[in-house]
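Owing to the predicted nature of the structure, the values given are computational and were not obtained by experimental measurement. Every heavy atom of this structure was used, including side-chain atoms; hydrogens, water molecules and symmetry mates were not.
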Amino acid sequence: REMEKALEMKDEMMRSVDNPDAEVFGNLVRKLAGQQRIEEALALMDEAADAGLKPRERSIRELRRLCDVAGIEQHPLVGADPEQWRKDAKVAARSKRKKDNQVAYRMR
């Protein structure tokens, strides 16, 4: 119900002189994605593109994840995850025992 009110406010802003900025679109996209409303969130991304805006990465992260889970092709504005390289990298955990870390310990 609150989401519908927010979308109505966005529509009112579009009709008035004050056009919504990327932050407004981003917050709406994030909320829609949080409610599993993928199609509406993607439509809102299209509206943002038409307005010449691109929401911040933090706003579209959940939408990207939902698209991956649902098997939906990546939307051009959503794009690939810029942090994927971190997720793919394997971090070698160091042992808590000094004996296992002797080489690293000697280098200090």
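- Closest non-hydrogen pair, A22 versus L53, comes out as N-CD1, 3.7 Å.
- The line from CD1 of I60 to CZ of F25 is 14.0 Å long, rounded to the nearest 0.5 Å.
- Closest heavy-atom contact between A33 and A41: N-CB, 4.4 Å.
- Ion pairing between a basic and an acidic side chain is recognised when a charged N comes within 4.0 Å of a carboxylate O; R64 and E57 show such pairing.
- Heavy atoms of other residues, nucleotides or ligands lying less than 6.0 angstrom from NZ of K31 number 12 at most.
- Look at E62 and R37 and you find no salt bridge, because none of the NZ, NE, NH1 or NH2 atoms lies under 4.0 Å from a carboxylate O.
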Review point. Yes or no on side chain to side chain contact (heavy atoms under 4.5 Å, CB included) for R30 and L63, after CA distance, side-chain angles and deciding distance?
Key: CA-CA 7 Å; R30 186 171 33 186; L63 179 59; over 6 Å; no
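- Of all heavy-atom pairs spanning S59 and G26, the tightest one is CB-O, 3.4 Å.
- Distance check, rounded to the nearest 0.5 Å: CD of E40 to CG of L28 gives 11.0 Å.
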Exercise for review: Could you walk me through whether K54 and E23 pass the salt bridge (Lys or Arg N to Asp or Glu O under 4.0 Å) test, one step at a time?
Suggested key: CA-CA 9 Å; K54 182 171 183 344; E23 196 68 28; over 6 Å; no
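- A distance of 6.5 Å separates CD1 in I38 from CD in Q36, rounded to the nearest 0.5 Å.
- The structure places CZ of R61 at 13.5 Å from CG of L66, a figure rounded to the nearest 0.5 Å.
- Residues P55 and N27 have side chains not in contact (no heavy-atom distance under 4.5 Å, counting atoms from C-beta outward).
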